[in-house]
Amino acid sequence: MQQKTGRPALLQAMIDSFRLPDLRGRILFTLMILVIFRFVAHVPVPGVDVEALGRIFDQNQLLGMLDLFSGGAMRNLSVAAMGVYPYITASIVMQLMVPVIPRLQALSREGEAGRNKINQITHLLMVPLAILQGYGQLILLSRPPFQAISGVGLSGPDLLPTLSMVMSMAAGTVFLVWMGELITDRGIGNGISIIIFGGIVSGLPQQLGSSAVSGGLTSVVALSLFALGLVVLIVFFTEGHRRIPVQYARSMFRGGRMYRQSGSTHIPLRVNTAGMIPLIFAMAVMIFPGTVASYFVGNPGFLGTAADFIQNRMFSPTGYFYWVAYFFLVLGFAFFYTMVVFQQQNLGETLQKQGGFVPGIRPGRPTVEYLNRVITRITWGGAMFLALVAISPFFSQWIANVPPGTMILGSAGLLIIVGVTLDTMKQLEAQLLMRHYEGFIR
């Protein structure tokens with residue numbers, strides 16, 4: 001049992017976790033993988049103007065969003081430039097395709113074996129996506145208005161250098177995913193999330209430095225307090241859920257006679273089921289028109305004027321239209337993704353097969369309709385929360401006198417940091433409770 005000391009509970013729990021050899025090994029293994037990840041993130045692809053890339057990433061939101069998932073590696077165009085983003089894309093595609101394709105839907109109902117097969121398909125899908133994305137990024141960076149690299153093409157003398165860069169970037173993605181799965185198996189927490197977490201945390205000092213240069217020490221303090229309030233809000237909604245009471249009635253034979261046993265439990269429906277996926281979808285939609293328009297800025301006539309209006313007025317984070325549209329897009333994607341995930345869970349059919357029912361609701365179709373009504377109502381709270389967090393950089397413009405572009409990825413980054421931290425703490429809590437120690441979360 002835990003010894004009673006004068007130390008704070010969190011500090012004592014951390015000390016207790018390091019006293020256990022196997023748990024200490026898991027923590028140290030996770031830290032070692034993160035150190036290797038940061039080294040890999042600084043192994044560059046040859047033939048790149050790093051200074052030019054740095055200037056481009058400071059000005060372009062699309063590249064900044066991709067850099068979020070690579071942990072700053074794409075800014076240097078390293079072998080880990082794409083991070084685990086192709087794997088995330090493959091996972092999202094598979095989640096959307098499972099309810100559409102009957103074969104995948106059947107696999108999802110086969111328990112652990114079916115989930116393993118879907119996971120294998122996701123890994124196979126990741127490889128071509130990584131190759132396509134790597135080549136697309138090289139083409140994007142080699143043409144106006146960027147032109148940070150040269151010698152990209154699939155013909156002539158550019159073929160072999162291009163193939164070597166694409167294959168090295170794809171191999172870097174596979175390597176990062178492999179390291180993430182090692183963390184899941186031998187470390188603490190979800191490995192893919194830990195990799196993304198490490199990349200975001202490594203970029204925090206640079207964000208704080210940019211804020212200090214833009215607005216001074218006062219802005220840093222105000223921004224820190226604003227971020228602290230956002231963290232409290234994120235924790236509240238991330239942990240919030242609605243408990244649906246469920247009762248089970250089972251028949252069993254004992255001594256040649258039939259007895260009926262009953263038990264009760266609950267289904268926790270999360271207020272924020274979608275996580276940060278709606279922010280990613282909405283951000284991709286919002287930055288796409290501006291990115292396309294950037295290719296036509298400077299052209300004479302109507303085309304150049306329209307491109308300049310789209311890039312610098314409508315889809316610029318300095319304008320009101322951008323944030324209003326971003327708010328409603330996040331709202332819509334939150335409902336869409338929540339319903340897709342909820343339909344995949346198929347709770348009504350699962351309850352009926354297991355002999356469970358919601359008190360006062362008939363099994364079967366009425367239960368499904370009732371659960372759909374509940375998830376729709378509570379998703380309004382989660383969707384509004386995500387939408388407000390998404391436009392939080394807009395409010396930072398007045399609170400901390402910081403341009404909104406400085407914190408354009410702050411909302412998604414905070415969601416990832418808080419979510420990964422809570423998940424890791426819960427896993428450590430479970431490990432400590434199994435050994436009769438008092439954990440992190442009370």
Side-chain angles (χ1 to χ4, degrees), residues 14 17 22-38 40-41 68-71 73 80 82-95 98 108 112 114-123 125-126 130 172-204 231 234-235 237-239 241 268 270 272-280 337-338 341 344-345 386 412-434 439-441:
M14 294 177 64
S17 64
D22 56 339
L23 190 54
R24 180 175 64 245
R26 285 178 172 271
I27 296 174
L28 294 178
F29 181 82
T30 302
L31 294 176
M32 181 189 69
I33 294 295
L34 286 176
V35 171
I36 295 175
F37 161 59
R38 294 314 304 161
V40 172
L68 169 69
F69 295 97
S70 68
M82 295 183 293
V84 295
Y85 190 68
Y87 177 78
I88 295 174
T89 304
S91 300
I92 294 173
V93 170
M94 289 300 298
Q95 287 184 352
V98 164
S108 66
E112 187 67 24
R115 286 192 294 270
N116 289 336
K117 290 181 181 179
I118 292 178
N119 193 31
Q120 291 177 0
I121 298 173
T122 304
H123 282 77
L125 179 62
M126 170 191 66
T173 294
V174 175
F175 182 66
L176 292 185
V177 173
W178 176 70
M179 288 198 302
E181 293 181 344
L182 284 180
I183 293 177
T184 303
D185 295 337
R186 304 182 184 179
I188 291 292
N190 181 281
I192 301 298
S193 300
I194 292 289
I195 294 293
I196 300 175
F197 172 85
I200 296 173
V201 171
S202 66
L204 287 180
V231 168
I234 291 171
V235 172
F237 276 91
T238 301
E239 293 298 295
H241 59 270
R270 289 190 171 276
N272 180 24
T273 305
M276 63 161 291
I277 299 298
L279 271 72
I280 299 176
Y337 192 78
T338 298
V341 172
Q344 290 182 18
Q345 294 175 350
L386 283 176
L414 279 176
L415 278 171
I416 293 175
I417 290 175
V418 173
V420 173
T421 302
L422 287 174
D423 181 65
T424 305
M425 288 172 61
K426 288 177 180 178
Q427 292 202 23
L428 283 172
E429 170 81 0
Q431 295 286 338
L432 289 171
L433 288 178
M434 285 192 300
F440 291 89
I441 305 175

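On a predicted model such as this, the values are computed, not experimentally measured, just so you know. Note that the numbering runs from 1 along the sequence shown for the chain.
Side-chain atoms of Leu428 and Leu23, non-hydrogen and from C-beta on, do get closer than 4.5 Å to each other. By the 4.5 Å heavy-atom criterion applied to side chains, Met179 and Leu176 are counted as neighbours. Leu386 has its side chain within reach of Asn272: a pair of non-hydrogen atoms, C-beta onward, lies under 4.5 Å apart.
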Working for side-chain contact (heavy atoms from CB on, under 4.5 Å), residues Ser108 and Ile118
CA-CA 7 Å; Ser108 66; Ile118 292 178; 4.0 Å; yes
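Summarising the local packing, CZ of Arg24 is surrounded by more than 12 heavy atoms from other residues, nucleotides or ligands at distances under 6.0 Å.
Annotation: ring-ring contact (aromatic ring centres under 6.0 Å, His included) contacts of Phe175 (sequence neighbours excluded): Trp178. Under the rule for a ring-ring contact (aromatic ring centres under 6.0 Å, His included), Phe197 has no partner lying at least two apart in sequence or in another chain. For Asn119, the side-chain hydrogen bond (donor to acceptor under 3.5 Å, both in side chains) partners two or more places apart in sequence, or in a different chain, are His123.
When atom types are taken as modelled, the side chain of Asn116 and the backbone of Glu112 share a donor-acceptor pair closer than 3.5 angstrom. In terms of modelled atom types and a separation under 3.5 Å, the side chain of Thr184 and the main chain of Asn190 share no donor-acceptor contact. For Thr30 (side chain) and Gly187 (main-chain N/O), no donor-acceptor pair under 3.5 Å exists by modelled atom type. The backbone N or O of Ile188 sits nowhere less than 3.5 Å from a side-chain atom of Gln427 that would complete a donor-acceptor pair.
Here the rule is side-chain contact (heavy atoms from CB on, under 4.5 Å) with Val420, and of Asp423, Thr424, Val418, Leu422 only Thr424 fits it.
A salt bridge is defined here as a Lys NZ or Arg NE, NH1 or NH2 lying under 4.0 Å from an Asp or Glu carboxylate O, and Glu239 with Lys426 meets this definition.
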